[in-house]
Every structure is written in C-alpha cells, then in structure tokens.
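To start, the structure under review is shown below, and the notes come after it.
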Amino acid sequence: MAEHIEVMLTEEEVDARIREIGEQISRDYEGRSIHMICVLKGGSFFMTELAKRITVPVSLDFMSVSSYGGSTKSSGVVKIVKDLDEPLEGKNVLVVEDIVDSGRTLSYLLDMLWDRGPEDVKLCTLLDKPDRRVIDVNVDYTCFRIPDEFVVGYGLDYAQKYRNLPYIGVVRFD
Ligand code: IMP
Ligand code: MG
C-alpha cells in the first residue's frame, strides 16, 4: 500500500515550542541539575534538541524498552531491552518521551524509576494524545496536544520509517 505524509506541525513550529519548553524547564529547575532519561528510539531527536535549550547543568542517560504482548497495542508490561548506565539515587530525573498514547508504557516505567530512589521524577513529552489515554499519567511538560492520528517524524516511526523527518506528519494511505 502506498502512503504519503501530511504535515501536522512544521519544523519551525516544533523548534519554537521546544525552545519555549526548554526555557520553562530551565526556570523551574533553577539552582538544581537535571538527569534526563531518553526513552529510545523515539525520544532521541526531541531529547537532544531539548537538552540544547536547557541552561541548568544536564546529564543524560538512555533506556530502551519494549512492551510484551500484541505488536499494535501496548500491554503495559514493559521489558527493559537496554537499562540505564547510571543509578538514580538523589537525582532530579526528567523522562523525555516522544508521545504519550494509552499511557501504559509510561505508567509502568515511571513506577520502576521511582523505585530506584531518585529525588524526583518528572515527565516531558513532545506529543500527547489525551483521547487515547487508558491509564492516567501525570505529564509535567507537553509540547503539543494532538488529535487521535498516527503521526511520524521527529523520532516517531511507522514501521521504522520516517524518524528523520524534521517535522511532525500524519500517515495517509493512498
Ligand atoms: P503507550 O502510551 O503505552 O500506548 O505507548 C506509547 C508508545 O507507542 C510511544 O512511545 C510510541 O512508541 C508508540 N506510539 C503511540 N502513538 C504513536 C504514533 O502516533 N506514531 C508513532 N508511534 C506511536
Ligand atoms: Mg516511545
């Protein structure tokens, strides 16, 4: 099946909003440092752009998870494919995600991170699809709330394609 991508948020809109959220985070964390955790692979583009806009000291770590169960619907039971390199004791953790959808993955992940003894855990997401929420998750920073559409670009994929698009688009099947 052929497909094409329809632009939802332009590169300029995304970049401007990341700059804004970066400034807000820098103000909120004044006098503290932030330990940013990127959830691979989708969060990687957002994480690097956001980190560049934060003015307090930042350290980075990466984690890769996959959900057990069906391939199209996340089950909420998360398997760690790549764990963090650093312990979290006493750190101000900021989890950076590409998108919060059902909330299943995040809710499981946040509980697991809290169990490692951080000072604090907050969540920052590029996109939020609130209409799709099944499990309540507290999102501290959201760049864009979007309608229930399957989106790609800026790290998000469709069958591993389109992660490198510099904008957010909707997949349309011709
Ligand atoms: P959930 O919140 O546990 O349902 O899972 C969210 C994960 O599903 C995200 O981290 C993405 O990897 C994936 N996902 C959800 N919606 C989309 C989308 O519109 N495009 C690409 N991936 C998505
Ligand atoms: Mg993801």
Side-chain angles (χ1 to χ4, degrees), residues 1-11 13-15 17-18 21 25 34-51 60-84 88 93-116 121-174:
M1 211 181 339
E3 76 233 12
H4 70 277
I5 309 300
E6 198 178 286
V7 178
M8 179 188 268
L9 296 161
T10 65
E11 181 173 4
E13 288 173 315
V14 175
D15 290 350
R17 184 66 182 136
I18 293 177
I21 288 281
I25 291 173
I34 305 178
H35 190 60
M36 291 173 84
I37 293 181
C38 171
V39 185
L40 294 169
K41 305 171 187 162
S44 57
F45 288 70
F46 177 41
M47 153 92 123
T48 51
E49 290 308 306
L50 179 64
L60 307 178
D61 207 346
F62 298 83
M63 178 169 225
S64 182
V65 298
S66 75
S67 57
Y68 284 110
S71 52
T72 51
K73 245 176 73 190
S74 70
S75 61
V77 181
V78 170
K79 182 179 139 193
I80 299 178
V81 178
K82 184 228 171 285
D83 205 343
L84 299 169
L88 299 183
V93 170
L94 182 65
V95 177
V96 181
E97 253 289 21
D98 50 359
I99 191 162
V100 185
D101 187 38
S102 72
R104 287 190 172 101
T105 312
L106 257 304
S107 136
Y108 187 94
L109 195 69
L110 293 174
D111 283 351
M112 195 181 70
L113 298 177
W114 271 116
D115 285 345
R116 298 185 183 190
V121 181
K122 286 199 168 15
L123 173 62
C124 179
T125 188
L126 177 61
L127 303 172
D128 187 1
K129 286 200 264 191
D131 297 346
R132 299 257 310 164
R133 199 73 89 256
V134 174
I135 297 183
D136 205 30
V137 255
N138 186 35
V139 186
D140 300 283
Y141 302 98
T142 304
C143 289
F144 301 97
R145 282 189 187 83
I146 60 166
D148 183 10
E149 301 256 31
F150 194 85
V151 289
V152 294
Y154 231 96
L156 290 139
D157 74 304
Y158 168 62
Q160 297 303 325
K161 287 187 292 185
Y162 307 120
R163 288 194 198 274
N164 59 319
L165 295 179
Y167 55 87
I168 305 289
V170 182
V171 186
R172 297 283 182 219
F173 297 96
D174 304 312

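One-based numbering, in listed order, for ligands and for the atoms of each.
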Examine ligand 1 and decide if any of its atoms is less than 4.0 Å from a heavy atom belonging to [X].
X      : answer
Gly103 : yes
Leu156 : yes
Ile99  : yes

Original post:
Quick one: ring pair (Phe, Tyr, Trp, His ring centres under 6.0 Å) pairs with a partner in residues 122-172, sequence neighbours left out?
Top reply: Tyr158-Phe173

**OP:** Taking salt bridge (Lys or Arg N to Asp or Glu O under 4.0 Å) as the test, write out the residues that go with Asp136, two or more places apart.
**Re:** none

Subject >> Option whose closest heavy atom lies nearest to atom 4 (O) of ligand 1, chosen from Gly43, Gly153, Ser102 >> reply: Ser102

Original post:
So which of Lys129, Lys41, Arg163 gets nearest to atom 16 (N) of ligand 1, if we judge by its closest heavy atom?
Top reply: Lys129

Under 4.0 Å from a heavy atom of [X]: give me the atoms of ligand 1 that qualify, with their elements.
X      : result
Glu149 : 19 (O)
Thr105 : 1 (P), 3 (O), 5 (O)
Arg104 : 2 (O), 3 (O)

**OP:** Kindly check if the number of other-residue, nucleotide or ligand heavy atoms within 6.0 Å of CZ (Arg145) is above 12?
**Re:** no

Subject >> Per-residue contact class, Asp157 against ligand 1 - non-hydrogen pairs under 4.0 Å >> reply: backbone

Subject >> Arg132, portion touching ligand 1 at heavy-atom distance under 4.0 Å >> reply: neither

Subject >> Beyond-backbone contact of Val152 with Lys161, side-chain heavy atoms, under 4.5 angstrom >> reply: no

Original post:
Is Leu126 close to Leu50 at the side-chain level, that is, under 4.5 Å between some pair of heavy atoms?
Top reply: no

Subject >> Lys129 side chain vs Ile99 backbone, donor-acceptor pair below 3.5 Å >> reply: no

Original post:
Are any side-chain N or O atoms of Asp61 and backbone N or O atoms of Ile37, one a donor and one an acceptor, separated by less than 3.5 Å?
Top reply: no

Original post:
Is there any N or O on Val152 that sits under 3.5 Å from an N or O of ligand 1?
Top reply: no

Original post:
Are Glu149 and Arg172 close enough for a salt bridge, meaning some N to O gap below 4.0 Å?
Top reply: yes

